Amino acid sequence: MSAAVIDAGVRVSNVSKSFGADGSRVTVLDDVSLTIGMGEFVSVIGPSGCGKSTLLKVVAGLIDADGGTVQIDGSTVRAAAADKRIGLVPQSPALLPWRTVLDNVRLPLTVNRRADAGRAIRDPKELLASFGLGHAMQKYPGQLSGGMQQRAAIARAFVFDPAIMLMDEPFSALDEMNRDQQRLGLLDFWQSNRKAVLFVTHSVPEAIMLSDRIVVMAAHPGRIDRIIDVDLPRPRTEEAYASDEFRELERVVRTALHEVMGGAHV
Amino acid sequence: MSETSTIDATASMAAAELADRRSRRDAPSARRAPAWLRPRVWLPTAITFAVAAFLWQFVAITNPYVIPTLDAIGASLAGDPAMYWANFLVTLQEVVIGAASGIVAGFLLAVVMAEFRLIERAVMPLVVVVMVTPIVAIAPALVVAFGFGMMPKYIVTALVVFFPMLVNSLAGLRDVDVKALDVFRTLHASKWEIFRDLRFPGCMPYVFAGLRIALPLAVVGAAVAEFVAAGQQAGLGSLVTTSAAQANLPVTWASIALLCVMGVLLVSLLAVVRKRVLWWSDGEVVAR
């Protein structure tokens with residue numbers, strides 16, 4: 001096959017972005033470069049104001065960068081979006097309250113249908129069943145718990161088989177016990193549906209548990225400080241939390257965050 | 001605690017939460033015993049109306065030239081139901097046609113303004129100028145322009161409905177769930193698809209808030225237009241002015257009562273439709 005395979009995944013090159021008026025411009029992203037390979041799970045972690053959400057929005061094409069380029073499978077973000085190659089899971093589930101869970105998950109299949117030609121659309125019902133929502137398909141979002149809503153939002157992003165998946169702190173609104181359950185559910189699903197994932201989080205255990213690599217960002221200006229490889233064996237289960245390697249990684253990531261935040265307590 | 005029991009506990013918590021939510025809002029076909037059947041609900045209202053009726057009768061009997069008694073009003077209605085019905089229908093026709101035009105026009109302009117800021121900036125000042133002009137002042141001028149037929153009544157009614165519909169629809173179209181919009185944008189959904197699947201259903205709480213204001217105003221508009229220009233087809237508003245001029249108080253108040261009934265019917269109908277369409281909405285949007 002062609003160049004598309006060689007360039008598969010996400011390539012962020014020298015991206016910069018600042019906000020505000022001339023006098024008080026804030027550099028949110030300063031020369032950020034990052035690649036995410038096919039089927040690779042990359043988390044971005046850092047203090048607030050480090051631009052991790054802005055980075056995700058630039059990759060999603062929701063914000064234009066001031067400088068630098070983003071390529072998805074070798075094409076521009078705009079072309080990738082037009083081709084429905086980007087799956088987004090926002091911070092809140094953002095389900096449409098007037099549609100059933102099933103119709104919410106079908107939503108991506110009803111817009112921009114031109115891009116559906118010749119692609120492997122998933123059966124929304126099967127997908128919901130594999131997310132443990134088989135019994136809730138005909139319910140409305142308002143009848144679901146927060147965790148179930150977030151799972152429906154993830155199913156909505158997987159249904160059209162995008163090449164890359166962007167997740168912006170998808171579990172941050174859930175309580176800790178529920179959050180851990182959702183995490184393991186996502187891990188389990190991703191294990192058999194490998195996508196390139198860019199996952200923004202502020203939870204250290206979450207980043208370690210899910211990722212192949214953890215990008216630690218620093219603030220003012222927002223930049224990549226270091227990238228930590230996570231070489232825990234896959235598939236990972238809950239037992240991984242208890243392993244010595246996990247604890248060691250947790251120490252490494254926390255130390256990195258500690259240094260990034262100028263010695264402030266993490 | 002072992003791992004499996006943790007997960008079980010979480011699962012059963014989720015199930016309990018689900019059951020709880022289900023009982024709170026069983027959409028879309030929730031059926032419980034209607035609340036108005038319970039005395040706690042209807043009795044206070046009934047007492048208020050009884051007291052008001054008693055006070056009315058007291059004033060009417062002691063001051064016969066100020067207001068007529070309730071039985072005189074009732075007798076007038078019963079004496080010539082065909083006349084009242086004909087006039088009721090004339091006014092209702094003005095309200096329905098006028099309001100429908102105003103609602104559609106107000107919503108469509110809101111859609112255009114929501115998509116193109118430039119149009120809002122260009123047109124909104126003119127709309128505000130027209131709207132601060134008292135409608136009772138515009139009505140006679142419209143009669144000069146359009147004669148004594150139904151047209152000036154439609155226009156006046158449409159005018160008073162137009163503004164609340166425009167302002168509320170515009171607010172609703174703008175108040176879109178930004179995170180959901182992000183999802184649509186990453187899917188490269190067209191403007192039309194975003195309107196069809198997100199903005200249009202999403203703005204309905206605001207549209208209904210606008211309708212709640214607009215429909216009673218429509219009755220006001222039709223009545224005012226009839227005050228100014230009776231025309232061949234009278235209507236309840238004309239009936240009020242002509243009978244008041246002849247000091248025929250039972251007819252005046254019977255007509256007022258029918259205008260009131262019309263307003264109540266329209267608002268009740270709206271409430272029924274709202275419940276069917278907007279069952280998913282958490283609460284009433286405060287109208288502008």
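Throughout, a chain's letter reflects where its sequence line sits, starting with A, and its residues are numbered from 1. Small disclaimer: the values here were computed from a predicted structure and weren't measured. Every heavy atom of this structure was used, including side-chain atoms; hydrogens, water molecules and symmetry mates were not.
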Requested in this report: Return yes if some donor-acceptor pair links the side-chain N/O of B/T48 with the main-chain N/O of B/P44 below 3.5 Å, else return no.
Outcome: yes

**Report entry** B/W280 and A/Y140 aromatic centres sub-6.0 Å
**Finding:** no

Report summary line: Honestly, the part of A/R99 sitting under 4.5 Å from a heavy atom of chain B is side chain

Query raised in the report: Highest number of heavy-atom pairs under 4.5 Å with chain A: which of B/G202, B/P201, B/S190?
Result: B/P201

Query raised in the report: Would you call the rings of B/F195 and B/F200 parallel, tilted or perpendicular if under 30° counts as parallel and over 60° as perpendicular?
Result: tilted

**Report entry** Taking every non-hydrogen atom, the tightest pair across B/M113 and B/R174
**Finding:** O-NH2, 3.2 Å

Query - Proximity breakdown for A/L107 and chain B, heavy-atom pairs closer than 4.5 Å - result: side chain

**Report entry** Winner by heavy-atom pair count (cut-off under 4.5 Å) against chain B, out of A/V111, A/L96, A/D168
**Finding:** A/V111

Report task. Would you mind checking which part of B/D182 comes under 4.5 Å of any heavy atom in chain A, side chain (CB onward), backbone (N, CA, C, O), both or neither? Result -> both

Requested in this report: Without swapping roles, check the side chain of A/R119 against the backbone of A/D83 for a donor-acceptor pair under 3.5 Å.
Outcome: yes

Query raised in the report: By a 4.5 Å heavy-atom criterion (distance strictly below it), what part of B/L198 contacts chain A: side chain, backbone, both, or neither?
Result: both

